[in-house]
*Asks:* 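The structure's right below; bear with me while I get my questions together.
Lettering follows sequence order; numbering is per chain, from 1. Since this is a predicted model, take the numbers as computed values, not measurements.
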Number of protein chains: 2
Amino acid sequence: MYLEERRQAILNLIVDHGRVSVPDLSARFDVSEVTIRADLQTLAERGLLVRTYGGAISATYNLQELSLLQRRQQHIPEKQRIGAAGAALIADGEAVFLDSSSTALAVAQHLKSRRDLTLVTNSLVIAQEMLGLAEITVVMPGGTLHHDTVSLIGPDGLAFLEQYHIRKGFFGAYGLSMDAGLTDGSAPESEIKRALVELCHTVIVVADAAKWGRVGVTSYAGLSEVDTVITDDQAPPDLVAQVRAAGVEVVIV
Amino acid sequence: MYLEERRQAILNLIVDHGRVSVPDLSARFDVSEVTIRADLQTLAERGLLVRTYGGAISATYNLQELSLLQRRQQHIPEKQRIGAAGAALIADGEAVFLDSSSTALAVAQHLKSRRDLTLVTNSLVIAQEMLGLAEITVVMPGGTLHHDTVSLIGPDGLAFLEQYHIRKGFFGAYGLSMDAGLTDGSAPESEIKRALVELCHTVIVVADAAKWGRVGVTSYAGLSEVDTVITDDQAPPDLVAQVRAAGVEVVIV
DNA sequence: GCTTTACAATGAAAGAAATCGAAAGCAAAC
DNA sequence: GTTTGCTTTCGATTTCTTTCATTGTAAAGC
């Protein structure tokens, strides 16, 4: 029996029984427990099962996994401060765009007690975070799911968004610099952001100190298109001064 | 019983009863109260419940997530069999539509090891289920997030989908009857399905036995538009015979 | 308001089981 | 013969759980 056959068989057992134990699998396939653990770890990394101490169970708990990821984010104090400051700029009744960055997620987390708000976002994580909040309308453009950013990307979603009057857009960035402006790591991601920067009346960049002076693969906006940058107090003062001189409001939290 | 299973069971108890107590859980799972407290603390850190003195209660903002989990767990063996049968109808390389029903989710769960597949869906749960599977392309139409079905609903997302050649569509239903055809619980949900039934070359209905003979608020397709129904062996034979006589293939698993 | 009382939570220590890491063994492929 | 990938062995380490002593808390009665 080959390795992949064994792993397939393990998955079948989980589908049938809901759970498997390491000693049991070891006996059944006549390999050491160490080997079984390696199998389980690999399958868990592929998201095909959930590892437990002593065995594994079926992977039908993805929602919780995701919310765990979300909550891991919460513990970064800088992002939370930036998120709170961003949320303070949003009035009830407005329609705002949030991109798929983790800092924009922090903004969303501070909007949970708001009423009559429309959030436009391409981030599945933000949508998930707002689940069950009846007072908040979440609108998503269509697109293809990108696994790394957990967001919908695609040129065709934009036409759909043009019917909304989006007052404010919150954008994360891979980097923020004087000459390259706002930069990101991937081209399709940049494309949708470039269009949204056009669409939003007010462009607000949420970026922690690490982003300053960094330049990513593609630019999606120049500094002249930015109204406000929200960052934390570790941002390099000389760069902050330059950006302010260029007419951009910089909020430090 | 593994740790994660116990924690899952605790969450289920909270969904059912709204609250749990430490001594009760300790007796029920035959572990010490200290262990239960550790479980509750961990689950509270994940945001899945709210800790109280002597026990725990439901985390209101997560109720939606949990009730969805619960819905997924109902009829699990039947739904899983239906899901497997549905997945067997899909060849690698195809583009298929899956709606936001829990039975369509079961189909998706059986597609995880496939390669080169395009899934079109308006269900956030299915999208999340496919997260990290690089071989599977997930496309979502734009729309407004509906909290109860965890799906994107909206008329404008459809234009975007017309560019895809969707071979097969898998649809759940609230009810399935001779005269009303396929029915659903809410009008906007029906609207998007009606359009997708038009768009899909082959329409496959996945519905467990409980759906037969039931009629919901709005119809989204007549039986004449349906190619195949996949159901379980508890489906009423007389209704099955009638539907077959109407020219619909009925697969019983 | 204050105190009592019963219950709940926490910390430390300890034991059993499971896991991990590193080095080594083994087989098939080049 | 060497390489490569999978598997095993064997301590060292971690995780999970319990017990017990101590501290903290809620709510009833004074």
*Asks:* Verify whether one side chain among A:Gln128 and B:Gln128 offers a donor that lies under 3.5 Å from an acceptor in the other.
*Replies:* yes
*Asks:* With the threshold set at 4.0 Å, does a side-chain nitrogen-carboxylate oxygen contact exist between B:Glu129 and B:Lys112?
*Replies:* yes
*Asks:* Can you check the B:Phe29 CZ to D:dT17 C1' distance for me, whole Å?
*Replies:* 16 Å
*Asks:* In whole angstrom, what separates A:Ile36's CD1 from D:dT8's C1'?
*Replies:*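 Taking CD1 of A:Ile36 and C1' of D:dT8, I get 13 Å after rounding.
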*Asks:* According to the ring pair (Phe, Tyr, Trp, His ring centres under 6.0 Å) rule, which pairs have a member within residues 19-46 of chain A, sequence neighbours left out?
*Replies:*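 Sorted pair list comes back empty.
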*Asks:* Across nucleotides 9-19 of chain C, 5' to 3', mark each nucleotide with B, S or - according to how protein heavy atoms within less than 4.0 Å reach it.
*Replies:* BB------BBB
*Asks:* Given atom OH of A:Tyr2 and atom C1' of D:dT4, what is their separation to the nearest angstrom?
*Replies:*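 For the pair A:Tyr2 OH and D:dT4 C1', the rounded distance is 16 Å.
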*Asks:* Can you tell me the distance, in whole Å, between the CD atom of B:Glu4 and the C1' atom of D:dC16?
*Replies:*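 Interatomic distance, CD of B:Glu4 to C1' of D:dC16: 12 Å.
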*Asks:* Are any of the side-chain nitrogens in B:Arg115 or B:Asp92 under 4.0 Å away from the carboxylate oxygens of its partner?
*Replies:* no
*Asks:* Between P on D:dT7 and CD on A:Glu5, what's the gap in Å once rounded to a whole number?
*Replies:* 12 Å
*Asks:* Using a cut-off of less than 4.0 Å, is there contact between a side-chain N or O of A:Ser32 and OP1 or OP2 of D:dT8?
*Replies:* yes
*Asks:* Return the value, rounded to whole Å, for the distance between atom CG of A:Asp39 and atom C1' of D:dT8.
*Replies:* 14 Å
*Asks:* Return the value, rounded to whole Å, for the distance between atom CG of B:Leu25 and atom P of D:dT17.
*Replies:* 14 Å
*Asks:* I need the CG-P distance between B:Leu3 and D:dT15, as an integer number of Å.
*Replies:*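 Rounding to the nearest Å, CG of B:Leu3 and P of D:dT15 are 12 Å apart.
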*Asks:* Side chains of A:Ser100 and A:Glu189: donor-acceptor distance under 3.5 Å anywhere?
*Replies:* yes
*Asks:* Please determine whether the number of non-hydrogen atoms from other residues, nucleotides or ligands lying under 6.0 Å from atom CZ of B:Arg6 exceeds 12.
*Replies:*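 Correct, the count exceeds 12.
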